[in-house]
Amino acid sequence: MSDGEGGKKSGYRLEYATSARAKCKGPKPCAGTTITKGELRFGSLVDFRGHTNFAWRHWGCVTAKILSNAKANFSEASELDGYEELKPEDQAKIDKAWEDGKVADEDIPESARKPEGEAGGDDDEGKPKKKRAPAKPRGKKKADDEDGDEEEVKEKPKRTRKAPAKVRFFFWRVWRIWD
């Protein structure tokens, strides 16, 4: 939606997707999935290099933080742009979410739900992530033989770098002159 098109430009918009081209900008499991034609979507107005447009997400991908930001700008859900054009059952969903401060679980799309293997991952949120083992010190190492005898493994000598060809030639020529 550009600046010249109609609309209130209030910062938030509710509507049914007119095509299946928009991608969801919601939370991670759902981000990037298409919003199918006719599905209820929520748009947040964004300004990018002087052009204003909406960043769309499924209605179920609206977070509690987004709802609280919308509540700060509007006293009722009916003040949101596009609310009047919605079906009464969708208006009821939005009103309920507005009162509760979060979208109902049945409205969250399958693409936004975590796989079952990760469903129990909420318990691990307070725990720190596993750390890697500390690096082993370098230097002389000891290796076990089959007999159980310990031998010191000799460290490879460090390679010395040759001087560049121009420098070698210069010293060769100087050396030849002194002889």
Side-chain angles (χ1 to χ4, degrees), residues 1-139 141:
M1 179 178 219
S2 66
D3 291 332
E5 290 184 38
K8 294 183 202 174
K9 291 289 193 176
S10 63
Y12 299 105
R13 178 158 179 77
L14 290 160
E15 67 178 31
Y16 298 109
T18 55
S19 68
R21 294 181 310 204
K23 305 284 185 205
C24 180
K25 302 289 189 271
K28 199 161 203 171
C30 190
T33 59
T34 58
I35 301 171
T36 57
K37 184 176 180 177
E39 191 174 356
L40 180 61
R41 65 183 182 177
F42 183 85
S44 301
L45 193 65
V46 293
D47 183 36
F48 182 72
R49 296 185 182 178
H51 298 284
T52 55
N53 211 341
F54 284 102
W56 296 106
R57 55 179 66 211
H58 298 99
W59 168 246
C61 293
V62 174
T63 62
K65 179 71 174 170
I66 293 173
L67 281 175
S68 67
N69 289 341
K71 283 182 179 182
N73 293 332
F74 304 103
S75 59
E76 295 181 15
S78 60
E79 294 176 9
L80 290 171
D81 191 22
Y83 181 86
E84 298 83 28
E85 291 93 34
L86 299 178
K87 297 174 190 172
E89 58 267 13
D90 289 332
Q91 288 180 353
K93 283 183 190 179
I94 293 163
D95 289 335
K96 184 172 181 345
W98 193 268
E99 291 170 14
D100 295 345
K102 66 178 185 130
V103 177
D105 288 338
E106 59 267 7
D107 292 337
I108 299 174
E110 288 299 318
S111 58
R113 297 183 190 276
K114 292 183 180 179
E116 285 188 29
E118 296 179 22
D122 296 341
D123 300 335
D124 298 336
E125 286 181 10
K127 297 179 184 176
K129 293 185 178 183
K130 291 184 179 180
K131 294 183 181 178
R132 298 170 93 187
K136 295 180 181 177
R138 291 186 168 200
K141 302 175 187 175

**Q.** side-chain contact (heavy atoms from CB on, under 4.5 Å) assessment of Asn69 paired with Tyr12
**A.** CA-CA 10 Å; Asn69 289 341; Tyr12 299 105; 3.5 Å; yes

Q | Over all atoms of both residues, closest heavy-atom pair of Ala97 and Leu67 | A | O-CD1, 3.8 Å

Q) Rounded to the nearest 0.5 Å, how far does CZ of Arg21 lie from OG1 of Thr36? A) 14.0 Å

Q) About how many Å separate CZ of Phe42 and CG of Leu14, when rounded to the nearest 0.5 Å? A) 6.0 Å

Q) OG of Ser78 to CG of Asp95: how many Å apart, nearest 0.5 Å? A) 7.0 Å

Q) Taking all atoms of both residues into account, what is the closest heavy-atom pair of Thr63 and Pro27, and its distance? A) CG2-CG, 4.2 Å

Q: For atom NZ of Lys37, decide whether the heavy atoms of other residues, nucleotides or ligands shown that lie under 6.0 angstrom number more than 12.
A: no

Q | Those residues that, when tested against Asp90, pass side chain to side chain donor-acceptor pair (under 3.5 Å) (two or more places apart) | A | Tyr16

Q. Where is the tightest heavy-atom contact between Lys71 and Glu99, given as atom of each residue plus distance?
A. NZ-O, 4.2 Å

Q) Going through the checks in order, is the side-chain contact (heavy atoms from CB on, under 4.5 Å) test met by Trp56 and Arg13? A) CA-CA 9 Å; Trp56 296 106; Arg13 178 158 179 77; 4.1 Å; yes

Q: Start with the C-alpha gap between Trp98 and Phe74, add the side-chain angles, then the distance that decides, and say whether side-chain contact (heavy atoms from CB on, under 4.5 Å) holds.
A: CA-CA 11 Å; Trp98 193 268; Phe74 304 103; 4.2 Å; yes

Q | Heavy-atom pair of closest approach, residues His58 and Cys24 | A | ND1-SG, 3.3 Å

(Q) Would the distance check show the side chain of Arg41 and the main-chain N or O of Glu15 forming a donor-acceptor pair, the cut-off being under 3.5 Å? (A) no

Q) Which heavy atom of Ile35 sits nearest a heavy atom of Ala17, and at what distance? A) CG2-CB, 4.0 Å

Q: Begin with the C-alpha distance, continue with both residues' side-chain angles, and end with the deciding distance and a verdict on side-chain contact (heavy atoms from CB on, under 4.5 Å) for Lys93 and Leu86.
A: CA-CA 11 Å; Lys93 283 183 190 179; Leu86 299 178; over 6 Å; no

Q) Which value, rounded to the nearest 0.5 Å, describes the distance between Lys102 atom NZ and Lys96 atom NZ? A) 8.0 Å

Q) Looking only at heavy atoms, what is the nearest atom pair of Trp59 and Val103, with distance? A) O-CG2, 3.6 Å

